[in-house]
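First comes the structure, then the notes that go with it.
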Amino acid sequence: MIAIILLERSVEHEKIAYYFAINRINMYLNEHYAIENTHYSLDTWENEETGRTEYIVRIMPNTEQFGEEIEEVFENGNPYMDDERTENMFKVAEQLLVDLSQIDDKVHIESVLWSATEDDEFPILLIQDRAQSTIN
């Protein structure tokens with residue numbers, strides 16, 4: 001009985017630690033890599049091969065209107081050059097990929113996406129780091 005209670009507590013502690021780690025990185029992103037009218041959302045998993053935590057970073061709109069404006073640029077314009085907001089997203093995405101792995105070698109940014117909604121089935125890939133995905 002005591003072993004079960006200890007196991008339950010251990011699992012609960014892992015959940016709490018995971019929540020705080022996600023929250024800490026999310027706050028760090030919003031503080032150091034702020035993009036006007038957006039916020040970040042994270043998906044994570046543990047890479048058993050490398051021992052690192054893998055992150056997919058989603059840049060998301062704060063308002064539906066802003067999301068629609070950015071979606072319009074991606075659909076009908078040149079997001080690399082026609083709009084400074086999307087151009088900035090690409091720059092920040094690249095910075096995230098490089099900087100966060102240098103801050104903590106147990107963190108790997110697998111990709112950075114633009115996502116109009118949390119359950120967006122077709123987010124837009126801004127940058128992906130396949131070269132580093134299997135390096136220990």
task: Output all residues satisfying side-chain contact (heavy atoms from CB on, under 4.5 Å) with Ile35, sequence neighbours left out; order by chain, then residue number.
output: Thr38, Tyr40, Ile59, Asn88, Met89, Val92
- prompt: With sequence neighbours excluded, what pairs up with Phe66 under the ring-ring contact (aromatic ring centres under 6.0 Å, His included) test?
  reply: none
message: Once side chain to side chain donor-acceptor pair (under 3.5 Å) is applied, do any residues pair with Glu72, and if so which ones, sequence neighbours excluded?
response: Asn76
message: Working note: His108 + Asp129, criterion side chain to side chain contact (heavy atoms under 4.5 Å, CB included); need CA distance, chi angles, decisive distance, verdict.
response: CA-CA 9 Å; His108 177 244; Asp129 186 17; 3.0 Å; yes
field: Minimal non-hydrogen separation, Ser115 against Pro61, with atom names
entry: O-CD, 3.2 Å
query: Of all residues at least two apart in sequence or in a different chain, which pass the side-chain contact (heavy atoms from CB on, under 4.5 Å) check with Gln65?
result: Thr63, Glu69
query: Among side-chain atoms of Glu110 and Trp45, is any donor-acceptor pair under 3.5 angstrom?
result: no
message: Strictly by salt bridge (Lys or Arg N to Asp or Glu O under 4.0 Å), give each pair with a member in residues 91-102 just once, sequence neighbours left out.
response: Glu87-Lys91
message: Grouping I, L, V, M, F, W and Y whenever their side-chain heavy atoms are under 4.5 Å apart, do Leu125 and Ile56 come out in a common cluster?
response: yes
message: Can you confirm whether Glu75 is buried at CD, in the sense that more than 12 heavy atoms of other residues, nucleotides or ligands lie under 6.0 Å from that atom?
response: yes
- prompt: Should Val73 and Leu126 be counted in the same cluster of Ile, Leu, Val, Met, Phe, Trp and Tyr side chains packed under 4.5 Å apart?
  reply: no
query: Can you name the residues that form a side chain to side chain donor-acceptor pair (under 3.5 Å) with Asn30, not counting sequence neighbours?
result: Asn26
- request: Flag the pair Leu29 / Val57 as yes when at least one side-chain heavy-atom distance between them is below 4.5 Å, and no otherwise.
  value: yes
query: Distance from Ile127 atom CD1 to Leu97 atom CG, nearest 0.5 Å?
result: 5.0 Å
query: With His32, which residues qualify under side-chain contact (heavy atoms from CB on, under 4.5 Å), at least two apart?
result: Tyr28
task: Output the distance between atom CD (Gln128) and atom CG (Leu113), rounded to the nearest 0.5 Å.
output: 8.5 Å
query: Who are the side chain to side chain donor-acceptor pair (under 3.5 Å) partners of Thr86, not counting sequence neighbours?
result: none
field: Residue list, side-chain contact (heavy atoms from CB on, under 4.5 Å) with Glu118, at least two apart or on another chain
entry: Ser41, Met60
field: Test applied, salt bridge (charged side-chain N to carboxylate O under 4.0 Å, His left out); reference residue, Arg58; option that passes from Asp120, Asp43, Asp119
entry: Asp43
Any side-chain heavy-atom pair of Ile70 and Trp114 under 4.5 Å: yes
